[in-house]
Amino acid sequence: MSVTITPAVLQDIADLRQLYFDVYGHGYPVPLGSDPAEMRRLITDPHTHWLVARRAGSDEPAGSVVVQTDPGTRIGKLVGLAVHPGHRHGGLAGRLTAAGCADALATGTVDSVYATVRVVTEGPQHVVVRNGFRPLGLMPNAVEVAGCESLALFVRYADGVLERRETVARVPEPLAPLLAAAEAVAEVGYPEVGHTGARPVGTAEAVPVPGPATPATTATTAMEIVAARSFVRRRFLERFPDPADRFFPLHSPNAILTPEDGAFEVYADLDPAARSCSLIAVHPHPAAMAHALEPLMAVVRRTGADYVETLLPLSDTTGLGAFLAAGFVPSALYPAMRRVGDRFHDYVVLSRTNRQIDFRTAAVSPLVRPYLSAYVRAWTATYLPLHEVVS
């Protein structure tokens with residue numbers, strides 16, 4: 001059956017909700033597939049590209065895709081890709097992906113588009129790769145959909161972006177496997193820090209960091225959470241007036257995590273449906289909370305989130321060292337993520353999960369497997385030091 005791909009309109013909302021239910025059931029954790037108010041906002045948002053594949057001779061949707069963009073950071077995110085079970089195996093997912101990205105990149109206001117892809121099957125991973133996305137990481141236990149699932153990061157770039165990356169001279173040692181994986185499968189080079197896939201970890205270019213903080217040193221730190229969205233947003237802007245200090249595209253904080261003495265404030269985007277949490281910024285600096293990770297994680301856990309991630313510049317060895325020392329694991333790389341003038345800066349995603357990691361049911365494609373290996377190596381170095389397991 002042939003289909004046509006056209007922009008979504010408000011009259012599509014009911015049919016789109018039914019489409020997402022047919023594909024995901026009640027487990028879809030993104031409001032664009034279930035919340036009419038959010039769907040209405042996105043359809044009318046000039047910075048959102050929502051396309052619908054319609055059956056010939058009917059307005060009934062056979063598929064849907066959304067690319068949300070942030071002109072301020074010049075980044076887009078591919079979300080909501082869904083194809084009705086009756087229209088699979090005909091290439092419709094690829095057509096929707098290509099059309100959505102083409103619309104976003106054609107505006108000239110977007111330098112890259114990223115997608116976080118479920119790894120329950122290999123199909124979606126191949127769809128984005130065929131549409132020019134590069135595999136750049138794996139985030140274990142990142143989302144609750146049909147149970148606890150992992151996500152793979154893929155990024156597609158506008159022409160000429162990767163050629164204008166700023167170099168990074170030194171990186172913390174635990175990031176070496178991640179950089180080696182990016183060189184091997186995404187063709188993103190790091191000659192300025194050595195060919196990490198060819199040289200042993202721990203060379204002069206790598207910056208060692210201490211091991212993770214232990215619960216024994218942090219048990220007495222009482223933590224509080226403030227979850228008043230408008231207040232959090234106002235205070236966030238007061239604490240971080242410079243946009244460069246609050247760079248976390250397509251996320252905004254809805255909670256503050258702070259100890260009783262107010263020594264630091266962690267600004268977080270809590271997503272109860274996905275059971276995840278993004279740490280957007282720390283005031284006055286990330287190192288201020290490194291000693292208090294365990295009580296902070298306990299507060300996050302009480303909100304229902306089992307996965308916590310943060311995003312930092314690859315060049316920020318101090319900030320990276322603080323999170324690595326607090327038990328975060330390098331999970332994904334985003335080369336050329338942030339544009340400053342005519343140059344682009346690389347960022348890295350670090351994550352920590354409270355649940356046991358189980359990859360036995362994950363369908364990790366060959367292009368993502370090096371990131372799985374890199375994560376396992378970094379996790380082992382953090383939580384399973386050899387001197388503790390070798391007699």
Side-chain angles (χ1 to χ4, degrees), residues 1-69 76-107 109-110 113-133 143-147 149 151-152 154-156 250 273-274 363 365:
M1 182 181 294
S2 63
V3 299
T4 58
I5 298 177
T6 58
V9 295
L10 293 176
Q11 290 79 3
D12 292 325
I13 290 176
D15 287 338
L16 286 168
R17 291 182 70 197
Q18 183 62 48
L19 170 68
Y20 285 100
F21 177 81
D22 291 341
V23 174
Y24 295 103
H26 291 289
Y28 193 57
V30 181
L32 69 83
S34 58
D35 182 348
E38 178 66 4
M39 297 170 78
R40 186 176 299 107
R41 184 187 72 80
L42 291 174
I43 289 173
T44 57
D45 177 15
H47 305 304
T48 297
H49 305 263
W50 193 328
L51 300 180
V52 179
R54 307 176 192 277
R55 295 178 173 91
S58 169
D59 287 336
E60 187 177 355
S64 171
V65 71
V66 181
V67 178
Q68 295 177 263
T69 67
K77 181 179 182 180
L78 178 78
V79 292
L81 178 61
V83 175
H84 191 276
H87 287 264
R88 292 174 182 167
H89 312 298
L92 183 54
R95 288 178 57 192
L96 282 165
T97 300
C101 291
D103 271 12
L105 293 170
T107 64
T109 62
V110 175
V113 177
Y114 76 93
T116 51
V117 179
R118 299 167 68 197
V119 294
V120 290
T121 64
E122 288 193 28
Q125 300 166 61
H126 295 301
V127 167
V128 292
V129 168
R130 285 195 296 267
N131 277 280
F133 284 76
V143 68
E144 183 77 20
V145 185
E149 298 183 8
L151 298 176
F154 294 82
V155 183
R156 175 174 169 174
L250 299 167
S365 68

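Numbering starts at 1 and runs along the sequence shown.
Looking at every heavy atom in both residues, V113 comes nearest to F133 through O-CE2, 3.3 Å. The minimum heavy-atom distance between G33 and M39, with the atom names listed, is C-SD, 4.3 Å. Pairing each heavy atom of I43 with each of A8, the nearest pair is CG2-O, 3.6 Å. Shortest non-hydrogen contact noted between L250 and G76 is CD1-C, 4.1 Å. Annotation for A62 and V3: closest pair CB-CG1, 4.1 Å, computed over non-hydrogen atoms. The two atoms that bring P61 and D15 nearest to each other are CD-CB, 3.5 Å, heavy atoms only.
Note: H84 and H87 have perpendicular aromatic rings, judged against thresholds of 30 and 60 degrees for the angle between ring planes.
Residues satisfying the side-chain contact (heavy atoms from CB on, under 4.5 Å) criterion with T116, sequence neighbours excluded, are K77, Y114, M139, L151, L153. With sequence neighbours excluded, the residues forming a salt bridge (charged side-chain N to carboxylate O under 4.0 Å, His left out) with R118 are E149, listed by chain and number. Taking the side-chain hydrogen bond (donor to acceptor under 3.5 Å, both in side chains) definition, one finds that H47 meets it with nothing, sequence neighbours left out. Every residue was checked against the side-chain hydrogen bond (donor to acceptor under 3.5 Å, both in side chains) condition with S34, not counting sequence neighbours, and none meets it.
For the pair R156 and L105, the minimum side-chain heavy-atom distance is below 4.5 Å. Using a 4.5 Å heavy-atom threshold, the side chains of P7 and V52 count as separate. In this structure, the side chains of V128 and V117 come closer than 4.5 Å at one or more pairs of heavy atoms.
Within the structure, every pair that satisfies the salt bridge (charged side-chain N to carboxylate O under 4.0 Å, His left out) test and touches residues 4-13, not counting sequence neighbours, is listed here: D12-R54. The salt bridge (charged side-chain N to carboxylate O under 4.0 Å, His left out) contacts involving residues 85-97 comprise nothing, where partners must be two or more places apart or lie in separate chains.
Tested against V65 for a side chain to side chain contact (heavy atoms under 4.5 Å, CB included), the candidates L92, L96, D103 yield a single pass: L96.
Side-chain atoms of E38 never come within 3.5 Å of backbone atoms of V30 as a donor-acceptor pair (strictly under, hydrogens ignored). A donor-acceptor pair under 3.5 Å is absent between the side-chain atoms of R17 and the main chain of P36, judged by distance alone. In this structure, the side chain of Y20 engages the main chain of G80 through a donor-acceptor pair within 3.5 Å.
The line from OH of Y24 to CG of L19 is 9.0 Å long, rounded to the nearest 0.5 Å. To the nearest 0.5 angstrom, L32 atom CG is 9.5 Å from T48 atom OG1. If you take CD1 on I13 and CG on L42, they are separated by 9.5 Å, rounding to the nearest 0.5 Å. Atom OG1 of T97 is separated from atom CG of L81 by 4.5 Å, given to the nearest 0.5 angstrom.
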